[in-house]
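Everything on this sheet refers to the single structure shown next.
Chain identifiers are assigned alphabetically (A, B, ...) following the order of the sequence lines, protein sequences preceding nucleic acid strands; residue numbering begins at 1 within each chain. Worth knowing before you read on, the calculation uses all heavy atoms, side chains too, and leaves out hydrogens, waters and symmetry mates.
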Amino acid sequence: MTRTGLVARVLIDSPLPQLDHLFDYSIPAELAADAVAGVRVKVPFRSSGRVADGYLIEVIDAAAPDTGGSDADFHGKLSPIEAVVSSVPVLTPEVWKLARRIADRSAGNASDVIRLACPPRQVRVEKAWLAAQAPAAEANPGPANPEPAGPSDVPSRPADARFSEYGAGVLEEAIAESRRLAVAAVPSLVALPAGPSIGHWAQTLAELAVATLETGRTAILVLPDYRDQDQVQAALDLLAPAGSVSRVDARQPNPDRYRAFLACLGAAPRIILGNRSAVYAPAADLGLIALWDDGDPLHSEPLSPYAHSRDAALVRQEQSGCALVLLGHSRSVEAQRLVELGWLAEVHPATGRHPHVIPTEFQAADDQYARAARIPSAAWHTARQALKQGPVLVQVASPGYAPMLACQGCQKAARCTRCQGPLGLASVGATPSCRLCGALAADWTCVHCTGRIFRIATIGAGRTAEELGRAFPGVRIIIADGDHPIQHLGAEPALVIATRGAEPIPAGGYRAVLLLDGQRMLARESLRVGEDALRWWSNAAALAAPGAAVMLAEVGGALARAMSTWQPEGFAASELADRRQLRFPPAVRAASVTGAAADVDAALAELAEIPGVDVLGPVGTEPPLVRAIVRFAYSSGDDVAGALKAQVVRNAARRRRPKGAAFRAAPTLKVRFDDPELL
DNA sequence: AGCACGCCGACT
DNA sequence: GTCGGCGTGCTC
């Protein structure tokens, strides 16, 4: 049949994979004015009065030939759109393209990505925003933004001081010419005038953003956690024009989040600061995406389709042609791969100054308390000297007091009788309790040997603090971990015991840094231990004052060398070489396929023809389920994702098996791409 | 999630 | 020939 008038192509907001494509609707005359690409709509679904929420993706002329690029033409009778929810086009064409691509490359749903990109609507906030837009647009035909960005009289670091550590014009040029860079951060602190110290890296990010804004474009800064965001925010408060910064952060309440999101929709260029979902923020004219510490696991999204913000940034960079910066003290193996491909160019600070890291193989301290606290002799002496001048950082592996107990008799780990979780102590002399379910184990008995006496198997920050208190009598002890977050510190002497990633930032830097528990951090069974440890250590070392010693205990070999020469790239390069040999990510990509044996086999059969694919398994997991791991070359990614997505759709459509009880719980076929913990 | 459609067995 | 049960697949 021939169609006339305009056709709305709509993405239904549903997690069902079989609905993950565009549906065509007609546009009633009374909605035509508001029915523009990007608005939220309500559409009838399956004729019987049910309505679904969706996004209007594009409006096309029905008479014109299909533009292609989407699904096969639909030639039935179109239903009309039921309503336009609001006139705000929340899903910009650029973000739609990004969401579609991110979903496609991981066999996921576009609407799952859009959920990260477009926060839930808040009617009051939206009305206020629309009201603020309208009069401004009438009075002033310029950009409808109440606080226009641009040069201002904000006190800022002199332009010639900007990026001075990186040599003449390298970073300015990168912004102006939209380059892609892996930038090594300057490993030191900067003192803000009338404020706390922040990492030098945070100032570099802020300067990159301001330089982008000065070229009239938007910058997106992606940071793993809120403490990192706070540091960049503090730098931007000094450097960026008032009102030019939007912070988009999942921690803030929904109304605030939506307000910040709407600000990003404005026509004026901005600086957008946020966590991993900030890569999906709408941007008027995108000039830069910058990520801090892309190896941090908080960059990977825990919800389907589990996209890593580095990958999303790479895709968006490719689509928009903006500049891309990965900034860090260490180098992720993924970034190293991109460098070796020539996709990212390396930039190092011109000064080459770095913390003075001293690896100390374990050598028991002469002091008995220092020995009890696992501090090597040299480190103990260093710390004692440094404590005369200011704060000293002790980085440890575990929070709590004694996170793990074991039987004195048979040495087996002590476990909860209810849930088999590990038992630990919350403080000195506390009753042992389960760390998973919290149950108290008042009269614990070992299930293996019926012994009734336990000993401390792993030592937490609390216990370390106690022991260090004895080793350094009279010194103030400060504990910083997940339960006791401390952001900033003064310059007074104190022994600061912190778990990795929770280190407070002292004014002027630590006078010494002790990296303890090296062996424990490396004992974890994961492909990424070395890389992670290097990240934790170098981030802590970068908090040292100029010239302060950083003592790395219990660690030798390539890791110690990478730290003492401050060349994490070398370590990343050798890791990558190993992964190539093993055919492990990120040398190749990988996906897991989980489901009923027959379904997994059917899915794997689809992959047989694709070059560069090999399959591990399937092996049984929980009884009805099996799991296979598919490894494939980056160049086969689209084919693998396409084939698996087709299989997921088929499986979802055919889910309801015969009602005859036995078959009832037919498991869904699950596919997960690029799981960092997979191999 | 609900509804239409089609294949197959049993009946007029 | 045709009615209807139930399994399968689609929803513009």
Side-chain angles (χ1 to χ4, degrees), chain A residues 1-32 34-85 89 91 93 96 99-100 103-104 107-112 114-115 304 595-596 598-599 601-603 605-606 642-671:
Chain A
M1 72 177 276
T2 50
R3 302 188 294 192
T4 53
L6 297 178
V7 173
R9 316 208 71 199
V10 173
L11 181 84
I12 307 292
D13 185 9
S14 156
L16 297 177
Q18 63 271 42
L19 302 186
D20 185 27
H21 61 92
L22 300 183
F23 290 86
D24 291 359
Y25 290 87
S26 62
I27 303 175
E30 66 273 21
L31 297 180
D34 278 340
V36 298
V39 296
R40 294 179 210 265
V41 290
K42 289 195 180 292
V43 291
F45 208 56
R46 195 61 187 170
S47 57
S48 59
R50 294 174 60 227
V51 286
D53 292 324
Y55 294 90
L56 177 48
I57 300 302
E58 58 174 348
V59 178
I60 56 171
D61 190 338
D66 194 350
T67 49
S70 48
D71 314 280
D73 302 56
F74 175 76
H75 288 292
K77 181 167 160 48
L78 299 188
S79 299
I81 290 179
E82 181 110 353
V84 172
V85 174
L91 182 61
W96 158 247
R100 182 69 273 167
D104 286 345
N109 261 355
S111 63
D112 287 336
I114 292 170
R115 211 156 298 137
S304 172
D599 296 336
D601 288 343
E606 296 289 313
L644 290 179
K645 175 71 180 286
Q647 203 60 34
V648 166
V649 168
R650 222 165 302 159
N651 179 273
R654 201 187 22 200
R655 252 183 72 51
R656 278 175 313 172
R657 302 264 163 103
K659 283 187 182 161
F663 295 83
R664 195 64 196 96
T668 11
L669 186 66
K670 288 205 180 93
V671 171

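- Atom CG of A/L22 is separated from atom P of C/dT11 by 14 Å (rounded to the nearest Å).
- In this structure, A/D24 atom CG and C/dC12 atom P are separated by 11 Å, rounded to whole Å.
- When rounded to the nearest whole Å, the span between CD1 of A/I27 and C1' of C/dC12 equals 13 Å.
- Between A/E82 and A/L31 there is no side-chain heavy-atom pair separated by less than 4.5 Å.
- Here the P atom of nucleotide C/dG9 and the CG atom of A/L16 are 16 Å apart, to the nearest Å.
- A salt bridge is defined here as a Lys NZ or Arg NE, NH1 or NH2 lying under 4.0 Å from an Asp or Glu carboxylate O, and A/D104 with A/K645 fails to meet this definition.
- At whole-Å resolution of the value, CG in A/L19 and P in B/dG2 are 14 Å apart.
- Between the CD atom in A/E58 and the CG atom in A/L6 there is a gap of 11.5 Å [rounded to 0.5 Å].
- At a threshold of 4.5 Å between non-hydrogen side-chain atoms, the residues A/L91 and A/L11 do not count as touching.
- Atom CD1 in A/I12 sits roughly 8 Å away from atom P in C/dC12 (whole-Å rounding).
- Across the protein-nucleic acid pair, A/H21 atom NE2 and C/dC12 atom P stand 10 Å apart, rounded to whole Å.
- Distance CG (A/N651) to C1' (C/dC10): 16 Å, rounded to an integer number of Å.
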